[in-house]
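Down below is the structure, laid out as structure tokens.
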Amino acid sequence: QVQLVPSGGGSVQAGGSLRLSCAASGYRVTGYCMAWFRQAPGKEREGVASIRSDGITTTYAASVKGRFTISRDSPKNTLYLQMNDLSPEDTAMYYCAAFLERGLCSDFIPSNFRYWGQGTQVTVSS
């Protein structure tokens, strides 16, 4: 049974930083595409960052490029999202996703992923 357990969300002021974690069980985070998505109230779920099976190739949404970094730790079997210089526009529920069933890792299409964490809330105040 695959479980993705996110943590690290919280409330910060604009300009602050947070690091999200997604601990996986029943699934190896290395060697496969994994991604972070986010969804703000009233908006569709959007892709934030993805990391390919090679562990090197990453893709970022234009809105977060240069501020967010996706990475993973093999021994801890955990996916991370380091978020710097946060702005109120980054306020959303953040989800980790695993097991790309179709398409490319960089497509950022939610329905292409089979497994999802339950989400962790990030709130940025101005």
Side-chain angles (χ1 to χ4, degrees):
Q1 182 180 359
V2 175
Q3 283 190 315
L4 302 175
V5 181
S7 62
S11 297
V12 295
Q13 290 190 328
S17 299
L18 284 173
R19 187 176 79 156
L20 304 184
S21 301
C22 178
S25 61
Y27 187 86
R28 189 163 53 92
V29 301
T30 54
Y32 301 95
C33 165
M34 293 194 72
W36 287 96
F37 288 76
R38 67 186 181 186
Q39 188 166 18
K43 294 188 176 181
E44 293 187 352
R45 190 167 298 189
E46 63 172 355
V48 174
S50 68
I51 184 166
R52 280 178 51 179
S53 57
D54 61 6
I56 299 173
T57 307
T58 55
T59 303
Y60 296 92
S63 59
V64 307
K65 202 168 187 178
R67 300 186 298 121
F68 289 13
T69 303
I70 188 172
S71 63
R72 52 194 180 190
D73 185 313
S74 178
K76 294 183 179 180
N77 207 37
T78 299
L79 179 74
Y80 298 101
L81 184 68
Q82 177 67 43
M83 306 185 294
N84 299 327
D85 193 22
L86 286 160
S87 71
E89 289 70 34
D90 297 315
T91 295
M93 187 72 77
Y94 283 71
Y95 300 89
C96 52
F99 200 98
L100 185 70
E101 294 187 295
R102 65 188 70 85
L104 300 177
C105 193
S106 56
D107 284 346
F108 285 147
I109 298 175
S111 60
N112 287 355
F113 289 87
R114 179 182 295 185
Y115 302 121
W116 291 85
Q118 75 269 31
T120 185
Q121 178 68 38
V122 172
T123 303
V124 185
S125 58
S126 57

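Note that this is a predicted model, so its numbers are computed, not measured. If you read the sequence from its start, that first residue is 1, and numbering goes on from there.
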How far does [atom1] of [X] sit from [atom2] of [Y], to the nearest 0.5 angstrom?
X: I109; Y: E101; atom1: CD1; atom2: CD; answer: 12.5 Å
X: M93; Y: Q118; atom1: CE; atom2: CD; answer: 9.0 Å
X: C96; Y: F113; atom1: SG; atom2: CZ; answer: 11.0 Å
X: S63; Y: D90; atom1: OG; atom2: CG; answer: 7.0 Å
X: S87; Y: R67; atom1: OG; atom2: CZ; answer: 5.0 Å
X: M34; Y: S53; atom1: CE; atom2: OG; answer: 12.5 Å

Practice item. Report whether V29 and V48 are members of the same hydrophobic cluster (ILVMFWY, side-chain heavy atoms less than 4.5 Å apart, transitive linking). Key: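 Yes; V48 is reachable from V29 via cluster members.
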Practice item. Determine, using the 4.5 Å side-chain heavy-atom cutoff (strictly less than), whether L18 and L4 are members of one ILVMFWY cluster. Key: yes
With a 4.5 Å cut-off on side-chain heavy atoms, are [Y] and [X] touching?
X: L79; Y: I70; answer: yes
X: Y32; Y: L100; answer: no
X: T69; Y: Y60; answer: yes
X: R72; Y: I51; answer: yes

Check your understanding: Are the side chain of W36 and the backbone N or O of Y80 linked by a donor-acceptor pair below 3.5 Å?
Key ->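 A pair under 3.5 Å: yes.
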Practice item. Take E89 and V124, measure what side chain to side chain contact (heavy atoms under 4.5 Å, CB included) needs, and give me the verdict at the end. Key: CA-CA 8 Å; E89 289 70 34; V124 185; over 6 Å; no
Check your understanding: Would R114 and Y27 satisfy side chain to side chain contact (heavy atoms under 4.5 Å, CB included), going step by step from the backbone distance to the final call?
Key -> CA-CA 12 Å; R114 179 182 295 185; Y27 187 86; over 6 Å; no
Looking at every heavy atom in both [X] and [Y], which two are closest together, and how far apart are they?
X: T59; Y: S106; answer: OG1-CB, 3.4 Å
X: P88; Y: S126; answer: CG-CB, 3.9 Å
X: D54; Y: T57; answer: OD2-OG1, 2.7 Å
X: A61; Y: G47; answer: CB-O, 3.4 Å

Practice item. Might you work through the side chain to side chain contact (heavy atoms under 4.5 Å, CB included) test for R38 and V64, ending with a clear yes or no? Key: CA-CA 12 Å; R38 67 186 181 186; V64 307; 3.9 Å; yes
Review point. Can you pull the side chain to side chain donor-acceptor pair (under 3.5 Å) pairs that have at least one residue in residues 8-23, sequence neighbours excluded?
Key: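 Applying side chain to side chain donor-acceptor pair (under 3.5 Å) to every pair that reaches into residues 8-23, excluding sequence neighbours, yields S17-N84.
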Point to revise | Stepwise side chain to side chain contact (heavy atoms under 4.5 Å, CB included) test for Y95 and L20 | key: CA-CA 10 Å; Y95 300 89; L20 304 184; over 6 Å; no
Check your understanding: When the ring planes of Y115 and F99 are compared, do they come out parallel, tilted or perpendicular, using 30° and 60° as the limits?
Key ->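 Ring orientation of Y115 relative to F99: perpendicular.
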Study note, to complete from the structure: Here the ring pair (Phe, Tyr, Trp, His ring centres under 6.0 Å) pairs for residues 6-25, sequence neighbours left out, are none
Exercise for review: Using a cut-off of 6.0 Å, state whether more than 12 heavy atoms not belonging to R52 lie near its atom CZ.
Suggested key: no
